[in-house]
Amino acid sequence: MASPDEDVPFCTFIDSRIIHAFGPILRSAAQDFLRFWDGGLFLYPHQDGVLCIATDGRAMMMMLDREARVDVPRNLHLPEELIAACAPPKPFVAHYPGWQEEKPLPEWMQPGSVMLFRSGVSLFARMHHPADVADYDDLHTLFSRSAAFKSHRMLGRDYWHAKPRLDPLRALASAPDPEMGADLDPNRVAMFGAAMDVFNPPAVTWTPGGPGGAVVFLMDGVPDFIGFLMPLKVAKRPTWPAFACDLVASYAAAAVEERRTEVAEGRP
């Protein structure tokens with residue numbers, strides 16, 4: 001693997017909404033010592049842009065950024081402060097006599113694109129600050145961080161990039177394991193909430209990928225996004241509580257009795 005400190009030409013711009021949507025998975029990867037050195041964010045060249053992938057080894061999200069460009073695959077870790085800065089700011093609440101209204105913040109205060117390059121990372125606003133319009137050399141950034149030296153990197157806080165050692169794309173072709181069931185960790189399911197907040201889909205679907213296969217997450221109206229959640233491998237699933245089993249039995253008995261009554265009264 002190429003060292004993150006190698007002099008490798010690298011620079012690209014990614015939609016900040018993708019970083020925010022990937023945020024829970026990127027934070028999870030950044031806080032895991034073993035996963036940290038394999039990367040949390042992966043970028044792959046694609047004929048229609050850049051394929052962005054986030055994974056912590058248990059959950060995965062993929063999205064195609066059609067405006068981005070990258071020449072070689074890269075894997076990166078982003079500072080948690082950057083991930084937080086990519087979150088859309090809450091609107092300003094204007095209060096009037098007897099009512100109130102939410103007013104969006106100006107675009108020069110909203111995140112727009114993330115510039116990833118060898119020496120660091122910067123988050124740019126959706127537009128220049130009005131004071132900088134006449135002089136475009138004065139770049140207005142919402143966040144900026146220089147790359148850390150290898151010997152001083154801190155989990156979850158430093159930025160670095162390298163050539164990927166792992167291939168998350170293998171999840172698309174992984175064979176199902178019949179020994180595993182579709183038992184899901186609610187904390188992992190909640191990781192997909194940020195993506196729903198960003199893109200606000202009218203509907204979402206969770207589709208099991210066969211026995212032991214990854215559960216596929218899709219958002220209606222967001223064709224360039226797909227998510228995967230690996231099921232938990234459990235030796236034995238918990239049994240139903242006794243009261244629930246009793247309720248099922250009682251309802252089943254009531255249904256049989258009701259059916260007998262219908263037949264006796266000649267109802268179809």
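Given the structure is predicted, the values throughout are model-derived calculations rather than measurements.
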How many angstroms lie between [atom1] in [X] and [atom2] in [Y], if you round to the nearest 0.5 Å?
X     : Y      : atom1 : atom2 : answer
Ile14 : Met115 : CD1   : CE    : 12.5 Å
Ile83 : Leu78  : CD1   : CG    : 5.5 Å
Thr12 : Arg74  : OG1   : CZ    : 11.5 Å
Phe10 : Lys163 : CZ    : NZ    : 12.5 Å
Phe22 : Asp56  : CZ    : CG    : 12.5 Å

For residues [X] and [Y], report the shortest heavy-atom separation together with the two atoms involved.
X      : Y      : answer
Ala87  : Pro111 : O-CG, 3.9 Å
Val114 : Cys86  : CG2-SG, 3.7 Å
Leu123 : Ala85  : CD2-O, 3.4 Å
Pro73  : Pro164 : O-CD, 3.5 Å
Ser28  : Arg58  : OG-NH2, 4.0 Å
Ala21  : Met61  : O-SD, 3.5 Å

Provide the full list of salt bridge (Lys or Arg N to Asp or Glu O under 4.0 Å) pairs with a residue in residues 17-29, sequence neighbours left out, each pair given once. Asp15-Arg17
Residue pairs involving residues 93-102 (criterion salt bridge (Lys or Arg N to Asp or Glu O under 4.0 Å); sequence neighbours excluded):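 As it turns out, the salt bridge (Lys or Arg N to Asp or Glu O under 4.0 Å) pairs with a partner in residues 93-102, which skip direct neighbours, are Glu101-Lys103.
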Contacts of type side chain to side chain donor-acceptor pair (under 3.5 Å), residue Ser122, not counting sequence neighbours: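 Counting only residues at least two positions away or on another chain, Ser122 forms a side chain to side chain donor-acceptor pair (under 3.5 Å) with Ser144.
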With sequence neighbours left out, what residues match Arg66 under side chain to side chain donor-acceptor pair (under 3.5 Å)?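 In terms of side chain to side chain donor-acceptor pair (under 3.5 Å), with neighbours along the sequence ignored, Arg66 is linked to Asp224.
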Applying side-chain contact (heavy atoms from CB on, under 4.5 Å), can you list everything that pairs with [X], at least two apart in sequence or on another chain?
X      : result
Ser119 : Phe117
Asp220 : Pro202, Ala203
Phe217 : Phe192, Met196, Val204, Trp206, Met219, Phe225

Quick one: does any side-chain atom of Ser113 pair with a main-chain N or O of Phe13 as donor and acceptor, under 3.5 Å? no
Check: residues 41-54 side-chain donor-acceptor pairs under 3.5 Å, at least two apart:
residue	atom	partner	partner atom	Å
His46	ND1	Asp48	N	2.9

Show, in sequence, the C-alpha distance, side-chain angles and deciding distance for Leu76 and Leu116, and conclude whether the side-chain contact (heavy atoms from CB on, under 4.5 Å) test is met. CA-CA 9 Å; Leu76 311 97; Leu116 307 168; 4.1 Å; yes
Val215 vs Thr207, side-chain contact (heavy atoms from CB on, under 4.5 Å): CA-CA, chis, key distance, verdict: CA-CA 6 Å; Val215 178; Thr207 306; 5.9 Å; no
Under 4.5 Å between side-chain heavy atoms, hopping through other hydrophobics if needed: is there a path connecting Val189 to Phe199?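 Per the 4.5 Å side-chain linkage, Val189 and Phe199 are co-clustered.
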Joint hydrophobic cluster, Val222 plus Leu229, side-chain heavy atoms closer than 4.5 Å: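 Looking at the clustering, Leu229 is in the same group as Val222.
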What I'd like to find out is whether the side chain of Leu26 reaches to under 4.5 Å of the side chain of Ile19, using heavy atoms alone. yes
